[in-house]
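Written below as structure tokens is the structure these notes are about.
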Amino acid sequence: MKYVDLRSDTVTHPTAAMRKAMYEAEVGDDVYQEDPTISRLEALGAQLTGKEAGLFMTSGTMGNQIAAMVHTKKSDEIICEAESHIYYFEVAGLACLSGAQARPLVGDKGILNADQIRGAIRGIDIHVPDTGLICLENTHNRAGGTCYTKEGLAAIREVATAHHIPIHMDGARIFNAAVAQGVPVDELTCYADSVQFCLSKGLGAPVGSLLVGKREFIEKARRFRKMLGGGLRQAGVLAAAGILALTDMVDRLGEDHDNARILGLGLADLGLKIDVSTIQTNIIMVDVTATGKTAKVLVDEFKTNGIKVNAFGEYKIRMVTHYGVTREDIDYVIGVTARIVKG
Ligand code: TLP
């Protein structure tokens with residue numbers, strides 16, 4: 001059975017061009033830093049985001065966790081958003097790997113502001129931890145793909161600089177944020193000391209993320225990556241797809257955003273509760289309370305009808321658009337939902 005798969009943009013398959021580039025990729029041992037394709041990808045990622053250097057990571061989670069390990073020391077506190085991936089979805093990695101304590105703050109639709117961050121920064125007091133890092137998620141996954149504005153980021157940067165605290169950006173979907181706001185990605189990444197961004201979500205590569213930052217930061221990250229078993233060998237076969245993700249797949253993200261908007265508005269018209277102001281990129285959060293059914297029950301009903309979605313709460317479903325989802329698929333999903341809602 002063919003499914004319309006809206007569970008995540010992680011489900012995208014590599015394009016034909018990616019598969020060809022992977023087949024033809026020049027490779028070497030990347031632990032010796034001898035894989036030319038990996039080096040090319042890392043340089044490209046760094047250049048696009050305006051950073052000195054980049055490092056290939058097996059996943060976004062690894063990129064985020066290693067960034068926190070480099071930026072902080074044991075017993076530091078990390079300011080993050082209460083539903084951010086690094087806090088909510090990374091198996092308590094901050095506590096376990098960095099030995100740090102998270103300081104979750106509730107953002108406005110996932111977005112933190114400079115005042116609340118200023119208010120959460122610890123002072124000098126024997127009783128309290130040092131604030132070691134500020135983490136910003138852009139776009140914010142659980143809030144429905146919401147974006148930080150340049151102005152918001154600039155104000156947070158000012159606070160961070162005044163207190164000598166680094167900023168790590170979980171930019172798993174930073175290219176979605178850039179495309180949605182019509183700005184080059186480096187106009188968003190310039191406010192962070194380090195950025196993790198995924199190649200394997202909407203950009204379609206099969207595996208991998210990049211961590212970018214200052215050269216010294218990246219060299220420390222390389223050691224932690226080795227410690228965690230992420231030092232890869234002939235990984236150029238993966239990087240070849242990653243290069244195409246960055247060169248060929250960014251501009252088309254706007255189509256996914258258009259589809260998300262059409263889908264979100266279509267579902268809202270059916271009486272489902274959706275905060276359409278959060279549909280800024282490719283993620284839709286749907287409150288299904290009005291159907292009288294739990295998300296779990298609806299996930300199964302959708303599946304029987306050839307649609308895969310994820311439950312993100314007892315009465316919440318997440319739908320994510322990506323290049324494997326067409327406009328016709330969107331119409332189909334709206335049609336099926338109409339039938340489900342009407343019982
Ligand atoms: N998000 C996945 C799941 O883990 C929930 C998804 O399907 O959306 N930061 C953000 C903002 C993310 O959304 C994700 C993945 C990650 C980091 C981690 O990336 P991976 O899955 O490569 O470890």
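Numbering of ligands and ligand atoms starts at 1, following listing order. Remember, it's a predicted structure, so these values are computed and weren't measured experimentally.
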Shared hydrophobic cluster for Met285 and Tyr315 (ILVMFWY, side-chain gaps under 4.5 Å)
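No, no single cluster joins them.
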Would you check if the side chain of Arg318 reaches a backbone N or O of Arg7 as a donor-acceptor pair within less than 3.5 Å?
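Yes, Arg318 side chain to Arg7 backbone: donor-acceptor pair under 3.5 Å.
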A cation-pi test, strictly: NZ or CZ of Arg173 under 6.0 Å from the centre of the six-membered ring of Phe197 and no more than 45 degrees from its axis. Yes or no?
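Judged by the rule, Arg173 and Phe197 form no cation-pi pair.
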Is the closest basic N to carboxylate O distance between Asp30 and Arg225 below 4.0 Å?
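Salt bridge between Asp30 and Arg225, a charged N being under 4.0 Å from a carboxylate O: yes.
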Under 3.5 Å, is there a donor-acceptor pair between the Asn64 and His85 side chains?
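No, no side-chain donor-acceptor contact under 3.5 Å.
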May I have the step-by-step check of ring-ring contact (aromatic ring centres under 6.0 Å, His included) for His140 and Tyr148, ending in yes or no?
CA-CA 9 Å; His140 193 294; Tyr148 279 88; 8.3 Å; no
May I have every N or O pair linking ligand 1 to the protein at under 3.5 Å, one per line with atom names and distance?
{"residue": "ligand 1", "atom": "1 (N)", "partner": "His85", "partner atom": "NE2", "Å": "3.4"}
{"residue": "ligand 1", "atom": "4 (O)", "partner": "His85", "partner atom": "NE2", "Å": "2.8"}
{"residue": "ligand 1", "atom": "7 (O)", "partner": "Ser8", "partner atom": "OG", "Å": "2.7"}
{"residue": "ligand 1", "atom": "7 (O)", "partner": "Arg318", "partner atom": "NH2", "Å": "2.9"}
{"residue": "ligand 1", "atom": "8 (O)", "partner": "Asn141", "partner atom": "ND2", "Å": "2.9"}
{"residue": "ligand 1", "atom": "8 (O)", "partner": "Arg173", "partner atom": "NH2", "Å": "2.8"}
{"residue": "ligand 1", "atom": "8 (O)", "partner": "Arg318", "partner atom": "NH1", "Å": "2.8"}
{"residue": "ligand 1", "atom": "8 (O)", "partner": "Arg318", "partner atom": "NH2", "Å": "3.4"}
{"residue": "ligand 1", "atom": "9 (N)", "partner": "Asp170", "partner atom": "OD1", "Å": "3.1"}
{"residue": "ligand 1", "atom": "9 (N)", "partner": "Asp170", "partner atom": "OD2", "Å": "2.6"}
{"residue": "ligand 1", "atom": "13 (O)", "partner": "Asn141", "partner atom": "ND2", "Å": "2.8"}
{"residue": "ligand 1", "atom": "13 (O)", "partner": "Arg173", "partner atom": "NH1", "Å": "2.9"}
{"residue": "ligand 1", "atom": "19 (O)", "partner": "Lys201", "partner atom": "NZ", "Å": "3.0"}
{"residue": "ligand 1", "atom": "22 (O)", "partner": "Gly60", "partner atom": "N", "Å": "2.8"}
{"residue": "ligand 1", "atom": "23 (O)", "partner": "Gly60", "partner atom": "N", "Å": "3.4"}
{"residue": "ligand 1", "atom": "23 (O)", "partner": "Thr61", "partner atom": "N", "Å": "2.9"}
{"residue": "ligand 1", "atom": "23 (O)", "partner": "Thr61", "partner atom": "OG1", "Å": "2.6"}

